[in-house]
> 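Can you read through this structure? Questions will come right after.
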Amino acid sequence: IDNPSRKLQSSKDWDRVVAVLAQGAAWQFKGWKMSNPVDVFSKSFGYYIGFEGAPVPKEVQSWNVKRECLSRDKRGVDSVVHASFWNGLDEWMGIHKRGYLPGER
């Protein structure tokens with residue numbers, strides 16, 4: 001969602017957010033209910049994707065996000081990063097938001 005504050009009106013809506021892809025700057029969260037990235041990533045699975053060899057932004061280094069790198073030259077292995085995201089999210093939800101998993105109600 002480009003502008004979550006337009007779609008997520010209630011606390012219940014915000015509670016249903018399970019993952020956030022970090023772009024690497026705190027301004028990404030301007031206007032969010034939780035504008036502090038530390039708070040955002042304490043309540044959702046955080047993920048940052050950068051390019052191999054590129055520095056990870058300093059802000060991201062202090063956030064609770066899983067960091068992965070894409071290769072500029074070996075785009076065929078993007079699927080490894082893709083799988084890492086989904087496996088990480090599944091594991092995170094199994095610990096933090098089990099009620100949203102199928103068969104866990």
> Report the residues that fulfil side-chain contact (heavy atoms from CB on, under 4.5 Å) with Ser79, sequence neighbours left out, ordered by chain and then residue number.
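For Ser79 there are no side-chain contact (heavy atoms from CB on, under 4.5 Å) partners, ignoring immediate neighbours.
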
> In Å and rounded to the nearest 0.5 Å, what is the CG to CH2 distance from Asn64 to Trp92?
9.5 Å

> Name all residues meeting the side-chain contact (heavy atoms from CB on, under 4.5 Å) criterion together with Glu59; count only those two or more places apart in sequence or in a different chain, and write none if there are none.
Ala25, Ala26, Trp63

> So, for Phe41 and Ala22, which heavy atoms are closest and what is the spacing to 0.1 Å?
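Minimum heavy-atom separation between Phe41 and Ala22: CZ-CB, 3.9 Å.
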
> Is it possible for you to say whether Leu70 and Val77 belong to one hydrophobic cluster, with membership spreading through side-chain heavy-atom contacts below 4.5 Å?
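No, Leu70 and Val77 fall in different hydrophobic clusters.
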
> Spell out, yes or no, whether Val80 and Val65 are grouped together once hydrophobic residues are joined by side-chain heavy atoms under 4.5 Å, including indirect joins.
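Unlinked, Val80 and Val65 end up in two clusters.
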
> Of all residues at least two apart in sequence or in a different chain, which pass the side-chain contact (heavy atoms from CB on, under 4.5 Å) check with Glu91?
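Checked Glu91 against side-chain contact (heavy atoms from CB on, under 4.5 Å); zero matches.
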
> Can you list the residues that meet the side-chain hydrogen bond (donor to acceptor under 3.5 Å, both in side chains) rule with Trp86, with sequence neighbours excluded?
His82

> With sequence neighbours excluded, give me every salt bridge (Lys or Arg N to Asp or Glu O under 4.0 Å) pair touching residues 15-26.
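Salt bridge (Lys or Arg N to Asp or Glu O under 4.0 Å) check on residues 15-26 returns Asp15-Lys97.
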
> With a 4.5 Å cut-off on side-chain heavy atoms, are Val20 and Phe29 touching?
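Yes - at least one pair of side-chain heavy atoms lies under 4.5 Å apart.
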
> In terms of hydrophobic clustering (I, L, V, M, F, W, Y; side-chain heavy atoms under 4.5 Å; direct or indirect links), are Trp27 and Val60 co-clustered?
no

> So if you build clusters from Ile, Leu, Val, Met, Phe, Trp, Tyr with side-chain heavy-atom gaps below 4.5 Å, do Tyr100 and Leu89 land together?
yes

> Identify, with sequence neighbours excluded, every residue that meets side-chain contact (heavy atoms from CB on, under 4.5 Å) alongside Asp90.
Leu101

> Please collect all side chain to side chain donor-acceptor pair (under 3.5 Å) contacts where either partner lies in residues 31-54, sequence neighbours excluded, each pair once.
Ser11-Lys33, Tyr47-Ser84

> Run the side chain to side chain contact (heavy atoms under 4.5 Å, CB included) test on Leu21 and Phe85 for me, step by step, so that the C-alpha distance in whole Å, both residues' side-chain angles and the decisive distance to 0.1 Å come before the verdict.
CA-CA 10 Å; Leu21 294 177; Phe85 169 79; 4.0 Å; yes

> Could you give all pairs that pass the salt bridge (Lys or Arg N to Asp or Glu O under 4.0 Å) test and reach residues 64-76, with sequence neighbours left out?
Arg75-Asp78

> Which pairs pass salt bridge (Lys or Arg N to Asp or Glu O under 4.0 Å) with one or both residues in residues 79-89, sequence neighbours excluded?
none

